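Only one structure is covered here, and it is reproduced in the block below.
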Amino acid sequence: MNALNLAPIPELYVSYESAQKLKAEAGNLISWDLTPRQICDLELLMNGGFNPLKGFLSEADYDGVVENMRTTDGALWPIPINLDVNEKFAETLEIGQDIALRDQEGVILATMTVTDRWEPNKAREAEKVFGADDSAHPAVNYLHNHAGKIYLGGPVTGIQQPVHYDFRARRDTPNELRAYFRKVGWRKVVAFQTRNPLHRAHQELTFRAAREAQANLLIHPVVGMTKPGDVDHFTRVRCYEAVLDKYPAATTSMSLLNLAMRMAGPREAVWHGLIRKNHGCTHFIVGRDHAGPGKNSAGDDFYGPYDAQDMFRTHQEEMGIEMVDFKHMVWVQERAQYEPMDEIKDKDDVTILNISGTELRRRLQEGLEIPEWFSFPEVVSELRRTRPPRNQQGFTVFFTGFSGSGKSTIANALMVKLMEMGGRPVTLLDGDIVRKNLSSELGFSKEHRDLNIRRIGYVASEISKNGGIAICAPIAPYATTRRAVREDVEAFGAFVEVHVATSIEECEKRDRKGLYKLAREGKIKEFTGISDPYDVPESPELRVETENVDVDNCAHQVLLKLESMGLISAR
Ligand code: PPS
């Protein structure tokens with residue numbers, strides 16, 4: 001199994017001359033603007049990272065992959081790779097038609113012959129592939145709330161690779177890596193998959209894994225799409241580069257993988273193995289809870305801690321890549337070294353130290369010390385540069401509630417109080433202000449409200465990213481849209497949802513703008529709370545009552561919340 005076969009693997013690209021011709025012709029085709037996730041999938045399809053797939057899955061292959069992890073010709077493939085599109089686009093197509101696939105700047109990367117078009121059973125896909133139809137799973141959430149309703153399948157003809165302007169020298173196609181291994185004479189290669197910064201324990205475990213397998217080591221981090229909330233890949237790669245220097249010279253290399261992860265645990269582990277096999281690796285490190293998505297909506301783990309290892313082991317012979325067990329490394333203070341936890345015989349007589357991911361985040365957030373036994377100073381300083389303490393980061397306060405609930409008044413009071421404190425710029429995105437400036441053409445249909453809220457979310461996420469405070473105060477009646485905004489913002493800073501819980505009866509009684517009267521008379525249609533729904537937030541960071549409490553006090557409650565979350569310092 002370990003003999004390294006470094007012959008080139010098939011790619012889907014045509015020759016340079018054919019590509020120029022095809023590109024000119026493809027300009028006349030109907031085209032689809034790829035989503036960020038589809039660009040990642042397409043890149044790995046075209047460069048052979050997803051070998052043996054020759055394009056986006058047909059309906060029959062999709063069914064096989066979903067049901068039993070196999071395409072119709074029997075190839076092992078655990079994750080559906082489909083071109084999801086909206087109904088409007090799908091309706092314009094004929095079966096057998098070629099379409100152009102463009103990146104987000106409009107560059108044509110490939111053409112695809114559409115052989116299949118169908119509406120998938122997403123609940124079934126969620127159950128079978130991700131283990132539960134539970135939107136707490138990031139890929140299930142993506143499936144239901146971001147992916148298009150219709151799937152297209154068909155072979156792809158590659159024209160050019162997606163362009164990357166960052167870390168170009170660190171990106172390799174499977175064939176480039178194979179050629180590299182051939183050139184440096186590496187006969188066995190252990191791949192280490194990661195979406196997190198590496199610390200000393202990782203360096204120890206990866207190096208040990210390679211030594212045990214008598215192999216060289218490839219650090220193969222994912223820089224495409226990882227779990228929402230992860231450290232951004234720019235920071236991570238700078239950290240990896242620092243760690244790379246710590247390995248003995250010529251034993252270890254690093255290459256970046258533009259994969260869009262699904263966090264599918266056991267199935268994902270097998271997928272990762274197949275991808276690494278395609279990149280010329282002979283061994284793959286699989287750890288506890290590999291590619292785990294976190295907790296489900298009942299607060300339990302989606303997968304058992306060793307499910308991924310078990311599934312990988314079942315298929316490793318067929319895949320042609322061997323699993324290397326990930327050892328849980330801990331620092332033994334008396335011996336001043338890392339040791340695998342399960343090999344320490346004198347546990348009761350020594351001091352065993354470890355810092356969990358949660359504890360590390362807390363220390364970074366609060367600007368506390370991170371000991372040298374845990375991480376390398378270069379890594380810590382990179383992380384500190386990207387993640388300043390929470391009270392210096394940007395964040396968003398998102399008020400939601402009925403019209404007339406008091407959102408704007410509290411938001412205004414909060415803005416003034418934050419400005420009085422100083423330190424960070426504050427922007428108020430009040431419902432009415434936004435509808436005058438950003439969303440003046442929109443009405444109150446579900447589609448328009450969603451668009452309005454997504455725009456607010458986009459601006460708030462940009463403000464948060466750049467270290468400011470965004471205060472939003474729309475009605476935002478739909479839970480799924482609020483969740484999407486939360487995800488946008490949480491990529492850059494904290495999202496504090498405040499439900500202004502004034503009852504509809506009270507809002508109607510106040511009727512400050514006279515709108516409820518008009519809504520009751522049917523003169524305003526689709527009025528929230530009267531003739532249009534409002535999803536009450538289930539677990540907002542804060543819920544404020546306004547009926548017997550004055551505005552100043554409500555704004556103060558928000559300030560206290562911000563303080564308890566470490567977003568502002570105690571005065
Ligand atoms: S939404 O649903 O979040 O997009 O709404 P938002 O942008 O916050 O706008 C709400 C303000 O618009 C006025 N208005 C309506 N509200 C609800 N439903 C209907 N049909 C409607 N038509 C007009 C209303 O004054 C809201 O103002 P606030 O500030 O919430 O009182």
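Every value quoted in this text rests on a predicted model; they were computed, and no experiment measured them. For ligands, and for the atoms within them, numbers begin at 1 and follow the listed sequence.
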For [atom], what's the nearest protein heavy-atom neighbour? Residue, atom name and distance, please.
atom                    : value
atom 3 (O) of ligand 1  : A476 N, 2.8 Å
atom 18 (N) of ligand 1 : R449 NH2, 3.1 Å
atom 29 (O) of ligand 1 : K513 NZ, 3.3 Å
atom 12 (O) of ligand 1 : F444 CZ, 3.3 Å
atom 10 (C) of ligand 1 : I475 CD1, 3.5 Å
atom 9 (O) of ligand 1  : R435 NE, 3.2 Å
atom 11 (C) of ligand 1 : D432 OD1, 3.8 Å
atom 31 (O) of ligand 1 : S403 OG, 2.8 Å

Side-chain donor-acceptor contact under 3.5 Å, [X] with [Y]:
X    : Y    : value
E526 : S445 : no
E366 : N391 : no
N141 : S135 : no
H146 : D84  : no

Checklist entry - Could an N or O of ligand 1 be found under 3.5 Å from any N or O of I453, whether backbone or side chain? => result no

Next on the checklist: If you measure every N or O of G404 against every N or O of ligand 1, does any of those distances drop under 3.5 Å?
Outcome noted: yes

Next on the checklist: So, 4.0 Å and heavy atoms of K407: is ligand 1 close enough to count as a contact?
Outcome noted: yes

Checklist entry - Looking only at heavy atoms of K525, does any of them come nearer than 4.0 Å to an atom of ligand 1? => result yes

Item to check | Matching residue for Y478 among D450, D532, T400 - test: side chain to side chain donor-acceptor pair (under 3.5 Å) | outcome: D532

Checklist entry - Which word best sums up how the rings of Y303 and H137 line up, parallel for under 30°, tilted for 30 to 60°, or perpendicular for over 60°? => result perpendicular

Checklist entry - If you count the non-hydrogen atoms of other residues, nucleotides and ligands that lie under 6.0 Å from CD in E521, is the total more than 12? => result yes

Checklist entry - Is R37 close enough and on-axis enough to Y142, meaning under 6.0 Å and within 45°, for cation-pi? => result yes

Item to check | Pairing residues for K465 by the side chain to side chain contact (heavy atoms under 4.5 Å, CB included) criterion, not counting sequence neighbours | outcome: E462, F492

Suppose I only count heavy atoms of [X] and a 4.0 Å limit; which atoms of ligand 1 are within that range?
X    : result
T528 : 17 (C), 18 (N)
P477 : 2 (O), 3 (O)
P474 : 3 (O), 8 (O)
E526 : 18 (N), 19 (C), 20 (N)

Checklist entry - Sequence neighbours excluded, which residues qualify as salt bridge (charged side-chain N to carboxylate O under 4.0 Å, His left out) partners of D432? => result K513

Item to check | Contact partition for L515 relative to ligand 1, non-hydrogen atoms under 4.0 Å | outcome: side chain

Checklist entry - Is K122 salt-bridged to E125, going by a charged N under 4.0 Å from an acidic O? => result no

